[in-house]
Novice: 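Structure incoming, see below.
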Amino acid sequence: MAKSTQLIDNEVFRAYATYAAIVLIKMMLMSLITAYFRITRKAFANPEDTASFGKGDSAKKFLRTDADVERVRRGHLNDLENIVPFFGIGLLYALCGPDLSTALLHFRIFTGARILHTFAYLIPLPQPGRGRSVELEHVDIFQQRHLLKYS
Amino acid sequence: MAKSTQLIDNEVFRAYATYAAIVLIKMMLMSLITAYFRITRKAFANPEDTASFGKGDSAKKFLRTDADVERVRRGHLNDLENIVPFFGIGLLYALCGPDLSTALLHFRIFTGARILHTFAYLIPLPQPGRGRSVELEHVDIFQQRHLLKYS
Amino acid sequence: MAKSTQLIDNEVFRAYATYAAIVLIKMMLMSLITAYFRITRKAFANPEDTASFGKGDSAKKFLRTDADVERVRRGHLNDLENIVPFFGIGLLYALCGPDLSTALLHFRIFTGARILHTFAYLIPLPQPGRGRSVELEHVDIFQQRHLLKYS
């Protein structure tokens, strides 16, 4: 197909696409980690999910919350809360035609900070590791916002 | 206005836009379903929401969680967790100028699996219906990621 | 860099980018408000976050939920649930080359309604203030969907 849009020929946009895909895939992995913890910890939220572990009352005891499962779920929600702004503002930023090296720096800082955050949340590392990584991301996104050339 | 961007003249992008709009609208409907269950089950999260049902202590008893409401809310969060990656990676995929029929197949599989997931969650259907639909979506998104031509 | 994409020269797209950035930044502020309430209310979700407030049992009592913290978190989740469809459908809408004044009206109504929603949720204002603002947003997004010219 010849009609490849020219957008993808733009180097900054290509860099954006790569890093956006990395963090989105990372976020999807949180679903798998949640499923893993739900199954190993036997802690489910829906009655129909417990059916394979027994019937009636014996299945009901698996309808519970587990500290590890909740931790992964909070991490997943935090991903959503931070990756959505990055995806949105990064897209607008990439479309403004910024300097390639500056853009790469921004995208890499965010991606690195987010991956660090995930490890800090899941292992868990002592604070302020996790807090610092979120701060870094926020500064990074605000910075991109600031650099939008059209404003 | 003459300045319609050329993007929308791209067939793959148009297909992407259609299916992305469908799943986003579907996600918004979850808000209405939540509101419906909150009102019929009389289970609210905020004191100000219960004001029309009574004052003082009689209103307080409506500040509770309800199994059906929580189910819809989990479904809504699950939508967010899966539609955001689809929207993001699908957008990048569409911009790479893939084959129209392949792209249509991908978008349709995801959209179908997501709608199936919603029904499986809300009715609810016995597992593994819901689990399978999520797996299908994940495979579909990973596949799109893999097909990104620039990488 | 000469390769600024032409997209950003499109007036409607520029308007979209401005308002999308505003609501995304607003959403990120919810993280800071959550952190502020968590620290002032001393209500944390993770054991490692309480480490600076004491050790052992004295720290454990900070692992609790607080009504104000939960309120901000619900507001944040609601932001996600509504800003994601706006970002997605607004983007597709902007790419269809609609009338500038109509588009500006749509983007401003959504942005205004969302900011109103945040104040109504956090102060909190009596209902139906918050409910009405969500309705307004939904109507606004459905309207944009309807106006997509390609369909």
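In what follows, chains are A, B, ... by sequence order, proteins preceding strands, each numbered from 1. Quantities reported herein were computed from a predicted structural model and do not represent experimental measurements.
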Novice: Only counting residues at least two apart or in another chain, list the ones meeting side-chain hydrogen bond (donor to acceptor under 3.5 Å, both in side chains) with B/R74.
Specialist: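 For B/R74 the side-chain hydrogen bond (donor to acceptor under 3.5 Å, both in side chains) partners, ignoring immediate neighbours, are A/N46, B/Y121.
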Novice: Where along residues 27-41 of chain B does a heavy atom come under 4.5 Å of chain A, listed by residue number?
Specialist: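 Residues of residues 27-41 of chain B touching chain A at under 4.5 Å: none.
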Novice: Please give me the minimum heavy-atom distance between B/L92 and A/A20, naming the atom from each residue.
Specialist: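 Between these two residues, the closest heavy atoms are CD1-CB, 4.3 Å.
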Novice: Sort by residue number and list every residue of residues 75-83 of chain B having at least one heavy atom under 4.5 Å from chain A.
Specialist: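 Result: B/L77, B/L80, B/E81.
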Novice: Would the number of heavy atoms belonging to other residues, nucleotides or ligands and lying under 6.0 Å from CZ of A/R73 be above 12?
Specialist: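 Incorrect, the count does not exceed 12.
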Novice: Using ring pair (Phe, Tyr, Trp, His ring centres under 6.0 Å) as the criterion, list what pairs up with B/Y16, not counting sequence neighbours.
Specialist: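 Counting only residues at least two positions away or on another chain, B/Y16 forms a ring pair (Phe, Tyr, Trp, His ring centres under 6.0 Å) with B/F13, B/F87, B/F107.
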